[in-house]
Trainee: 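Here's a structure for you.
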Amino acid sequence: KELAKSTIRKEDLIISQTISRAPELRLKLSKSSNVEICVYNVLGRREWFLRKSYSPGEYFIDLPALPSGVYFVRSTINEEQKVHKITIIK
């Protein structure tokens, strides 16, 4: 049984973090989109990066297994940029 620890919703990007798995990104796109997602640790070092074009639809992207800590997820969807803070506790 997985219990959601936190869910952050910002327009087209949803970050779900569960107790038993790595964080998951869910993209819900209503139009073709150029997507760029970067995960940074608190020191500003990039831990993960994705750049891809997507057709309209819903997509699930698993983030890599990261050590416990605070991270910042920067998402750019069609030139609109947002930053989300996540905390991973193992």
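Sequential numbering from 1 along the given sequence is applied to the chain's residues. Hydrogens, waters and symmetry mates are skipped; everything else that's a heavy atom, side chains included, is used.
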Trainee: Is atom CD of Gln81 surrounded by more than 12 heavy atoms (other residues, nucleotides or ligands) closer than 6.0 Å?
Mentor: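 Above 12, so yes.
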Trainee: Are Tyr40 and Ile88 in one and the same hydrophobic cluster, where Ile, Leu, Val, Met, Phe, Trp and Tyr link if side-chain heavy atoms are under 4.5 Å apart?
Mentor: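 Tyr40 and Ile88: separate clusters.
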Trainee: Quick one: pull up CD in Glu80 and OG in Ser75 and give me the separation to the nearest 0.5 Å.
Mentor: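 Taking CD in Glu80 and OG in Ser75, the distance rounds to 8.5 Å.
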Trainee: Which residues pass the side chain to side chain donor-acceptor pair (under 3.5 Å) test with Arg51, not counting sequence neighbours?
Mentor: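 Expected list: Glu36.
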Trainee: Does the side chain to side chain contact (heavy atoms under 4.5 Å, CB included) test come out yes or no for Leu50 and Ile61, once each step is laid out?
Mentor: CA-CA 10 Å; Leu50 169 77; Ile61 303 164; 3.7 Å; yes
Trainee: I'd like to check Leu66 versus Val39 (side-chain heavy atoms, cut-off strictly below 4.5 Å). Are they in contact?
Mentor: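 Yes; the side chains approach each other to less than 4.5 Å.
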Trainee: Set out, in order, the CA-CA distance, both residues' side-chain angles and the distance that settles side chain to side chain contact (heavy atoms under 4.5 Å, CB included) for Ile37 and Arg74, then state yes or no.
Mentor: CA-CA 6 Å; Ile37 300 169; Arg74 186 186 74 206; over 6 Å; no
Trainee: When you compare the side chain of Leu63 with that of Glu24, does any pair of heavy atoms fall below 4.5 Å?
Mentor: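 Of all side-chain heavy-atom pairs linking Leu63 with Glu24, none is under 4.5 Å.
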Trainee: Can any side-chain N or O of Asn41 pair as donor or acceptor with the backbone N or O of Tyr71 at less than 3.5 Å?
Mentor: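 Not at all, since once roles are kept as given, no pair shorter than 3.5 Å links the two residues.
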Trainee: Are side-chain heavy atoms of Ser32 and Ser53 found at a separation under 4.5 Å?
Mentor: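 Ser32 does not reach Ser53 side chain to side chain.
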Trainee: How would you list all residue pairs meeting ring-ring contact (aromatic ring centres under 6.0 Å, His included) that involve residues 43-62, not counting sequence neighbours?
Mentor: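 ring-ring contact (aromatic ring centres under 6.0 Å, His included) check on residues 43-62 returns Tyr54-Tyr59.
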Trainee: State which residues pass side chain to side chain donor-acceptor pair (under 3.5 Å) with Glu58; sequence neighbours excluded, sorted by chain then number.
Mentor: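 If we apply the side chain to side chain donor-acceptor pair (under 3.5 Å) test to Glu58, skipping adjacent residues, the hits are Arg26.
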Trainee: Do Ile77 and Leu29 come close enough that some side-chain heavy atom pair is under 4.5 Å?
Mentor: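 When only atoms from C-beta onward are counted, Leu29 and Ile77 do touch, with a gap below 4.5 Å.
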Trainee: Applying side chain to side chain contact (heavy atoms under 4.5 Å, CB included) to Lys52 and Asn34, what does each step give before you reach the verdict?
Mentor: CA-CA 6 Å; Lys52 190 172 177 181; Asn34 294 315; over 6 Å; no
